[in-house]
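Residue numbering restarts at 1 for every chain, and letters A, B, ... go by the order of the sequence lines.
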2 protein chains.
Amino acid sequence: MPRQVDHDERRREIAEAVWRIAAARGLEAVRMREVAAEAGVSIGRVQHYFESKDDLVAFAATRLRSRIEERIRRHAEDVPEPRSPLLVLRALLTGLLPLDADGRETALVGLAVFHRALSDRELAKLYQRGRARLVAEVMSHLAAAAAAGEIPERIDPRLETYALLAATDGIATDLLHAHYAPETARALLDRQIDGLRNAPPPVRGAGAPAPPGVAPMAP
Amino acid sequence: MPRQVDHDERRREIAEAVWRIAAARGLEAVRMREVAAEAGVSIGRVQHYFESKDDLVAFAATRLRSRIEERIRRHAEDVPEPRSPLLVLRALLTGLLPLDADGRETALVGLAVFHRALSDRELAKLYQRGRARLVAEVMSHLAAAAAAGEIPERIDPRLETYALLAATDGIATDLLHAHYAPETARALLDRQIDGLRNAPPPVRGAGAPAPPGVAPMAP
DNA sequence: TTTTATACAATATGTTTGTATTGAATCCGC
DNA sequence: GCGGATTCAATACAAACATATTGTATAAAA
């Protein structure tokens, strides 16, 4: 057997460098040379652990979901007792906002991946899957909140989930550009969640499932 | 005098090609050669009308604002009488959504420009200016709606503006990825606007002006 | 000890890129 | 019809890039 090296660990180290570059200057700025330099290794090493640049970027992108879900979990756990479904939901959504350095990096890489997914079918599939899980989780919290009487029972869970996620996404976007302060972001999120108490009943046809996909960018 | 050629018109033609490529495959896919091919002209011509690629991309990006504002104007004019401030506001926000081919192209280029602005100071300034105008316009409609009694008078106009724009942005983003149907998007927007009727009073400190910019990506 | 697969580093290769250069065609005032 | 500026096509070129190739060190296995 060869020299004892933790293969996965090495790959993760290099992927970290990709993250740092992607967060700082976008996925397009990811160069093999720079990744090597950022990771403090030779370009030969990077090549050894990744067949191609695409392979490297794909691996780094794959880690996005686990990173996001870890952030969500961490935030949810920090909710003090008694934990109402709505409070947990708020923590979850807050976890998606770039309010700290790690969150900012995650959001920046997320944006880059999202953007690239518009013209990369493989990445798009990955992205859709992550999004579906997020939608499902938010919806379940919403249902729990409705059951607990925190919000009206006769809401449209899917529509409200979309509304919450859209708002969170928009706020995150604004934070990346520093359009306003973190406190404003929190206030906006609270305002949105508060709006659930006056949520209207389901609208026929509005909460319909995803349509037969409009082709995003050209292939 | 030289050959009679409408200089600006030529530049605009070439910029159109940039738009088409950027919408289809992102700003990063914009190559001098491809722009020339897409516009059906020689590389030499592209070079003649634009000093550099940066110059070309910057010019194309500059047209974003006018294009967005034109869309907004068009949508606002289509509102049937009697035009209440809230109806006009809804039309304005709807105009920002990628609900038709032109809107989709605008949104895609907008996203590309926005993304690049995160690491391009010049572009960032341009983007900020456009955003400021948008915020001002939405806020004025909100004030008008409050004055007309369509929504509570004691709302926080700036915060509500941010909420509306964030929601619109998030919905637009979801539409680009075809996460749901256009009707759902409209329902979401209506839901958001409806929420204004139950808007809370201003929160101390929340609607504060933009902070001393957190540095976006590294320079 | 010899073998063999791994783990790299160093360098070569060929493509893609923006841009510089060169020169020809066009049109206007004269 | 001549001169000179404008327009723009063709091509050349250097830099940047991903990747292929080659060589060497290491350490477990035989």
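To the nearest angstrom, C1' of D:dT7 lies 12 Å from CD1 of B:Ile14. Separating the CG atom of A:Leu27 from the P atom of D:dC17 is a distance of 15 Å, rounded to the nearest angstrom. We find that CZ of A:Arg11 is positioned 15 Å from C1' of C:dA7, with the value rounded to whole Å. Taking atom CG of residue A:Asp55 and atom P of nucleotide D:dA18, one finds them 14 Å apart after rounding to whole Å.
For A:His48, the side-chain atoms get nearest to C:dA7 when compared with the rest of D:dC8, D:dT7, C:dA7.
Contact annotation: A:Arg10 side-chain N/O to C:dC8 OP1/OP2 distance is under 4.0 Å.
Residues meeting the salt bridge (Lys or Arg N to Asp or Glu O under 4.0 Å) test with B:Arg74, sequence neighbours left out: B:Glu70. The side chain to side chain donor-acceptor pair (under 3.5 Å) test applied to B:Arg133 returns B:Glu69, not counting sequence neighbours. Under the salt bridge (Lys or Arg N to Asp or Glu O under 4.0 Å) criterion, B:Glu81 pairs with B:Arg83, sequence neighbours left out.
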side-chain contact (heavy atoms from CB on, under 4.5 Å) evaluation trace for A:Phe59 with A:Ile14: CA-CA 10 Å; A:Phe59 179 78; A:Ile14 296 172; over 6 Å; no
What protein N or O atoms touch nucleotides 16-23 of chain C N or O atoms at under 3.5 angstrom, if any, and at what distances?
unit_1, atom_1, unit_2, atom_2, d
C:dT17, OP1, B:Arg31, NE, 3.3
C:dT17, OP1, B:Arg31, NH1, 2.5
C:dG18, OP1, B:Lys53, NZ, 3.1
C:dG18, OP2, B:Met32, N, 3.2
C:dG18, N7, B:Arg33, NH1, 2.8
C:dG18, O6, B:Arg33, NH2, 3.1
C:dT19, OP2, B:Lys53, N, 2.8
C:dA20, N7, B:Gln47, NE2, 3.3
C:dA20, N6, B:Gln47, OE1, 3.2

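Listed by first and then second residue, the ring pair (Phe, Tyr, Trp, His ring centres under 6.0 Å) pairs involving residues 6-30 of chain A are A:His7-A:Tyr49 (not counting sequence neighbours). Evaluation of the side-chain hydrogen bond (donor to acceptor under 3.5 Å, both in side chains) test over residues 54-64 of chain B, restricted to residues two or more places apart or in two chains, returns none.
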